[in-house]
K.L.:
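Just passing along the structure, written as structure tokens.
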2 protein chains.
Amino acid sequence: METKITAGVEEYLEALFHLEEENRAVQTKALAEHLKLKPASVTEMVKRLTAQKLVTHTPYKGVYLTERGRTAAAALVRRHRLSERFLADMLDVPWDELHDEACKFEHVISDKVERKLSEALGNPATCPHGNPIPEADGTVAADTAEPLVGMSARSKGRITRITNEEPEFLQYLANLGLMPDVMVEIEEVAPFGGPIIVKARGAKYALGRQVAQHIFVKPSAS
Amino acid sequence: METKITAGVEEYLEALFHLEEENRAVQTKALAEHLKLKPASVTEMVKRLTAQKLVTHTPYKGVYLTERGRTAAAALVRRHRLSERFLADMLDVPWDELHDEACKFEHVISDKVERKLSEALGNPATCPHGNPIPEADGTVAADTAEPLVGMSARSKGRITRITNEEPEFLQYLANLGLMPDVMVEIEEVAPFGGPIIVKARGAKYALGRQVAQHIFVKPSAS
DNA sequence: TATTGTTATTAGGTATACCTAACTATACCA
DNA sequence: TGGTATAGTTAGGTATACCTAATAACAATA
Ligand SMILES: [Mn+2]
Ligand SMILES: [Mn+2]
Ligand SMILES: [Mn+2]
Ligand SMILES: [Mn+2]
């Protein structure tokens, strides 16, 4: 019952890291949904993670990574995003398949291979979806981009980051041409939770809030 | 109880494939030694493999891969050796560490990634230790090389293949400069299981039979 | 404050894949 | 042909990590 971080444990840490990135309350139930497991299973694993001092848990409040946990999670996310870069840059694996493939690679990369991989890729700062690759020491670069969903009409910017990497979602965005480095302008924000109309590459698209929430944009002077 | 080939199962298939390559009798005990497990564990797993029609087992005789088993094993060895090539060619991981790292990668490579990887590497025919990479259809190229241990004095050839990939063994050979593509000449074969004296790169080395058994040489006209 | 829907936990199972210790079967030699 | 070393199996355990069904705890509201 030592520091034995198995693939199973790693998936929980990864999920917690991602949910924290979106500052969502990470209750047992949310974790279970994210990991596609049953709440009972999560209760059990959270107990183990707590015993290993990787998380703290206050029922009905949330599960929180400890320092130790966050460090381990950052290392894992680093390996995940480096794997995505490898798969995209060296193997030309399609955009929407990167995440799931990387989710397997992340568990088999040793420290040494991680260093060599990062080097071979030119020490990239982000994954192919624009999400930051944590440094080897666990620090994550601050991000000044903001979600499309919070921007006001008429503002412009460059897409830097997509924070939902589910295949169907990425396919949808790829079809619209909404991916990192593309310039967008907010045409209109419909009231009462209505769509956000954006202009990109000369075309206009009406995006639901759910979608706009996961598209981050670096605003440019208007 | 279907075709669920887990990482555990894969390790057994891999071991069987390697032991068959050396045409060694693959008894429960040999398998246990090779996998660093206890015989009781092997008995149990062999039962499962038999149920899945991946092997047949005759006690005191040996465990044999079925067609199905051999195909699965060849696919695994293909992924293993492609992984080694990736780690060596693209990441510059040292010779003696390739095998153990690849042993983890082999279990997380999908068919699609395998294809892309092979392509990106230029469809290599062998791993960095000279061992053949099975084709995608499971066939393995015939090898005309023979082990140093069976060669007679005065014969010459080029090393093509090292069939023991344990780190200490590879370090030993690397120190002597005995690796694929190096020319060697048998100086003398000492009787009664004594050493084999070889000349390589101008130096002479006395190799034990255990060592010579794992060095394969393609004879050249003397 | 009592009700109710949500969230979480417990109890009891399953499956994989290891282990040790005790026992059995076999091969092979004398 | 019997004895013995070697090989193999069985029985009973452990640990991880899932599950369902039943139950408990809580938050928020009526
Ligand atoms: Mn993952
Ligand atoms: Mn990504
Ligand atoms: Mn392996
Ligand atoms: Mn190799």
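Quick note: numbers below take in every heavy atom, side chains included, and nothing from hydrogens, waters or symmetry partners. Throughout, a chain's letter reflects where its sequence line sits, starting with A, and its residues are numbered from 1.
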K.L.:
If an axis is fit to five pairs at each end of the helix from C/dT1-D/dA30 to C/dA30-D/dT1, what is the angle between the two, to the nearest 10°?
P.N.:
20°
K.L.:
B/Q27 or A/M45: which one's nearest nucleotide on DNA chain D is closer to the 5' end?
P.N.:
B/Q27
K.L.:
Say whether B/N131 and B/T126, considering side chains only, have a donor N or O and an acceptor N or O under 3.5 Å apart.
P.N.:
no
K.L.:
Determine whether the aromatic ring centres of B/H99 and B/H80 lie less than 6.0 Å apart.
P.N.:
yes
K.L.:
Within the 4.0 Å heavy-atom criterion, would you say A/P39 contacts the bases, only the backbone, or no part of the nucleic acid?
P.N.:
base
K.L.:
Find the distance A/L31:CG to C/dT7:P and express it as a whole number of Å.
P.N.:
14 Å
K.L.:
Please tell me whether B/F17 and B/Y12 form a close aromatic pair, meaning their ring centres lie under 6.0 Å apart.
P.N.:
no
K.L.:
Give me the ring orientation class for A/H34 and A/H18: parallel if the planes are under 30° apart, tilted from 30 to 60°, perpendicular past 60°.
P.N.:
tilted
K.L.:
Please report, rounded to the nearest Å, how far the C1' atom of C/dT9 is from the CG atom of A/L37.
P.N.:
16 Å
K.L.:
What is the distance, to the nearest angstrom, from the OH atom on A/Y12 to the C1' atom on D/dC18?
P.N.:
8 Å
K.L.:
Mind calculating the distance between NZ (B/K29) and P (C/dA25) to the nearest angstrom?
P.N.:
20 Å
K.L.:
Any salt bridge linking A/R70 with A/E20? Criterion: basic side-chain nitrogen under 4.0 Å from a carboxylate oxygen.
P.N.:
yes
K.L.:
Would B/H214 and B/E165 count as having a side-chain donor-acceptor pair, cut-off 3.5 Å?
P.N.:
no
K.L.:
Could you give the NZ-to-P distance, from A/K61 to D/dA25, as a whole number of Å?
P.N.:
17 Å
K.L.:
Tell me: NE2 of A/H34 to P of C/dT7, nearest whole Å?
P.N.:
17 Å
K.L.:
Using heavy atoms to find the nearest nucleotide of DNA chain D for A/E44 and A/Y60 separately, return the residue whose nucleotide is more 5′.
P.N.:
A/E44
K.L.:
Can B/E101 and A/S110 be counted as having a side-chain donor-acceptor contact under 3.5 angstrom?
P.N.:
yes
K.L.:
At less than 4.0 Å, is any side-chain N or O atom of B/K38 found next to OP1 or OP2 of D/dG8? Yes or no.
P.N.:
no
K.L.:
Please report, rounded to the nearest Å, how far the C1' atom of D/dC18 is from the CG atom of A/L35.
P.N.:
12 Å
K.L.:
If you check the A/R48 side chain, which of C/dC18, C/dT9, D/dT16 turns out closest?
P.N.:
D/dT16
K.L.:
Looking only at side-chain N and O atoms, does A/K47 come under 4.0 Å of OP1 or OP2 in C/dT10?
P.N.:
yes
K.L.:
Under 4.0 Å from OP1 or OP2 of C/dT9: is there any side-chain N or O of A/H57 that close?
P.N.:
yes
K.L.:
Look at the side-chain N and O atoms of A/S41 and state whether any lies under 4.0 Å from the OP1 or OP2 oxygen of D/dC19.
P.N.:
yes
K.L.:
Hey, does the side chain of A/T43 come within less than 4.0 Å of C/dT10's phosphate (OP1/OP2), counting only N and O?
P.N.:
no
